[in-house]
Amino acid sequence: MMWKTKLISTPKGFNFGLTVRSHGWYNLAPFFYDATRNTLSYTFAGTKGKPVAAVISEVRNGVRIDLDRAVPDRSGIEEKVRHILRLDDELNAFYEGCCTGTEFDWVRKRGAGRLLRSPTVYEDLVKTLCTTNCSWALTEKMVSNLVDMLGGGSHFPDPETMAAQDEKFYRNEIKAGYRSPFFVELARSVASKSVDPEEWLTSELPTDELKKQIKSVKGVGDYAAENMLKLLGRYDGLALDSWLRGQFYKKHNSGKVCSDKKIEKRYSKYGEWMGLAIWCDMTEDWHH
DNA sequence: GCGTCCAGGTCTACC
DNA sequence: GGTAGACCTGGACGC
């Protein structure tokens, strides 16, 4: 069977807009968010070099996917949209255990807490590397350069395509600077299957062991690994970066710098959900 | 126009 | 295990 438009149901209380705008990913190519229409566009690589552009919009009790051409059921696009929007994430434990009757009741009531992610863990990993030690503007530039130069201007390049380029290309064309050798090594490791980021989604390793595994990727330190863990659905790390710290200082410490331990102490009561708790707390004013 | 700082950090060498 | 210094880029800022 082929399809071009599909409706998929969403979990009770799911909030499309808050999920899309849950963090900066919706501004990174090949995502495009149309705020006026409240639609999220994404172009999938497709098969045989034929990309498929999707527009995802909110409908009653679900979301609608509109493609620019018909694809077979086995294309996997429906599953990828479910993955992107975290439709299969089980958040009831977080809503009931951390939000009900607490400062985060708004998260439960409004259906927040689902962090947008890319269709593949590999894409999220490359994008996370692009967020390290630079301005958000440079992150956007690096990612759009990858899409423009290696994804035909439409889709995110696969590991094989990225592995075919050398460090010089990433330095000169992508403007990745010192991250360039990290991209080459990561892409070649994934292309040769010596590293399989997609396996992290279903890994049964304890979070600290999985974090070590993620950190074995060159260029991935504490922040990047914990950010990846959040996108994998594990929230027991805070993924502190300079932006998150700055927000905390403003909201909870009268604008004054404090230690990471103090930040951790405030959210430690949320246990395995502390990473999601701090993220919702620090981004609350995005959603007014 | 120029120099400095630093932003959604990490790695290496050294102690 | 803890820490200083180096590392690309590019926008903001002060002079």
Side-chain angles (χ1 to χ4, degrees), chain A residues 20-29 31 33 115-118 121 123-150 162 165-189 195 197 208 210-232 234-235 237-253 255-261 263-264 267 274-287:
Chain A
V20 171
R21 291 177 284 105
S22 53
H23 65 133
W25 254 216
Y26 70 96
N27 272 325
L28 296 181
F31 280 120
Y33 177 59
L115 304 181
L116 188 76
R117 59 187 174 187
S118 305
V121 180
E123 183 175 329
D124 277 339
L125 183 54
V126 173
K127 285 177 174 174
T128 297
L129 278 175
C130 290
T131 67
T132 57
N133 196 29
C134 65
S135 62
W136 183 251
L138 184 55
T139 298
E140 290 182 323
K141 187 174 176 61
M142 283 187 272
V143 174
S144 64
N145 284 343
L146 286 170
V147 171
D148 289 344
M149 295 180 200
L150 296 178
M162 286 186 65
Q165 301 297 334
D166 60 11
E167 182 181 330
K168 201 172 161 185
F169 172 83
Y170 290 99
R171 204 173 284 274
N172 297 337
E173 307 299 328
I174 304 300
K175 304 297 178 190
Y178 72 93
R179 302 166 195 80
S180 300
F182 303 154
F183 287 145
V184 175
E185 184 175 325
L186 171 62
R188 291 181 181 171
S189 301
V195 171
D208 55 343
L210 182 57
K211 183 177 171 182
K212 275 185 201 164
Q213 194 173 331
I214 297 172
K215 281 182 73 173
S216 69
V217 173
K218 279 278 176 61
V220 175
D222 276 327
Y223 150 74
E226 289 182 9
N227 190 58
M228 287 305 300
L229 286 168
K230 281 185 182 178
L231 297 176
L232 293 167
R234 302 198 193 203
Y235 305 99
L238 292 178
L240 291 176
D241 55 27
S242 56
W243 182 84
L244 211 50
R245 289 187 182 94
Q247 290 296 111
F248 182 89
Y249 303 152
K250 274 190 270 183
K251 187 166 183 176
H252 295 303
N253 208 45
K256 293 176 191 163
V257 173
C258 65
S259 68
D260 289 355
K261 283 193 173 174
I263 300 176
E264 192 170 339
Y267 298 98
M274 63 194 289
L276 190 54
I278 188 175
W279 187 260
C280 291
D281 195 16
M282 295 301 104
T283 59
E284 181 179 5
D285 61 358
W286 290 4
H287 307 307

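Residue numbers begin at 1 in each chain, while the letters A, B, ... track the order of the sequences.
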Is any side-chain heavy atom of Leu115(A) less than 4.5 Å from a side-chain heavy atom of Trp25(A)? no

Just by distance, no angles: are the side chains of Tyr223(A) and Thr128(A) close enough, under 3.5 Å, to form a donor-acceptor pair? no

Is the shortest heavy-atom distance from the side chain of Gln165(A) to the side chain of Phe183(A) under 4.5 Å? no

Expected output check: what is the dot-bracket annotation of DNA chain B, where ( ) and [ ] are pairs inside the strand (brackets for crossing ones), | is paired with another strand, and pairs are Watson-Crick or G-U under 3.5 Å? |||||||.|||||||

Would you mind listing every salt bridge (charged side-chain N to carboxylate O under 4.0 Å, His left out) that reaches into residues 276-286 of chain A, with sequence neighbours excluded? Lys251(A)-Asp281(A), Lys251(A)-Glu284(A), Arg266(A)-Asp281(A)

Would you mind telling me which of Leu116(A), Asn27(A), Val20(A) makes a side-chain contact (heavy atoms from CB on, under 4.5 Å) with Tyr33(A)? Val20(A)

With salt bridge (charged side-chain N to carboxylate O under 4.0 Å, His left out) as the rule and sequence neighbours excluded, what pairs involving residues 123-133 of chain A come up? Glu123(A)-Lys127(A)

Between dG10(C) and dC11(B) - P atom distance, rounded Å: 22 Å

Among Tyr267(A), Trp243(A), Tyr235(A), exactly one meets ring pair (Phe, Tyr, Trp, His ring centres under 6.0 Å) together with Trp279(A). Which residue is that? Trp243(A)

In the structure I gave you, are the side-chain heavy atoms of Pro197(A) and Val195(A) within less than 4.5 Å of one another anywhere? yes

Protein and nucleotides 5-9 of chain C: nitrogen or oxygen contacts under 3.5 angstrom:
from: dC8(C); atom 1: O5'; to: Arg171(A); atom 2: NH1; distance (Å): 3.0
from: dC8(C); atom 1: O4'; to: Tyr178(A); atom 2: N; distance (Å): 2.9
from: dC8(C); atom 1: O2; to: Arg179(A); atom 2: NH1; distance (Å): 2.9
from: dC8(C); atom 1: N4; to: Asn133(A); atom 2: ND2; distance (Å): 3.0

Without swapping roles, check the side chain of Arg117(A) against the backbone of Leu231(A) for a donor-acceptor pair under 3.5 Å. yes

Taking the nucleotide of DNA chain B with the nearest heavy atom to each, does Trp243(A) or Phe182(A) sit closer to the 5' end? Trp243(A)

Contact check, side chains of Thr283(A) and His23(A), non-hydrogen atoms, under 4.5 Å: no

Going by heavy atoms in the side chains, are Ser180(A) and Phe169(A) under 4.5 Å from each other? no

Minimal non-hydrogen separation, Asp166(A) against Arg188(A), with atom names: CA-NH2, 4.1 Å

Spacing of the C1' atoms in dG8(B) and dT3(C) (rounded, Å): 23 Å

Note: chain A reaches DNA chain B at heavy-atom distances under 4.0 Å over the stretch, first to last nt, 5' to 3', of dA7(B) to dT12(B)

Do Glu167(A) and Arg171(A) meet the salt-bridge criterion of a basic N to acidic O distance under 4.0 Å? yes

Sorted by number, the residues of residues 222-232 of chain A with heavy-atom contact under 4.0 Å to DNA chain B: Asp222(A), Tyr223(A), Ala224(A)

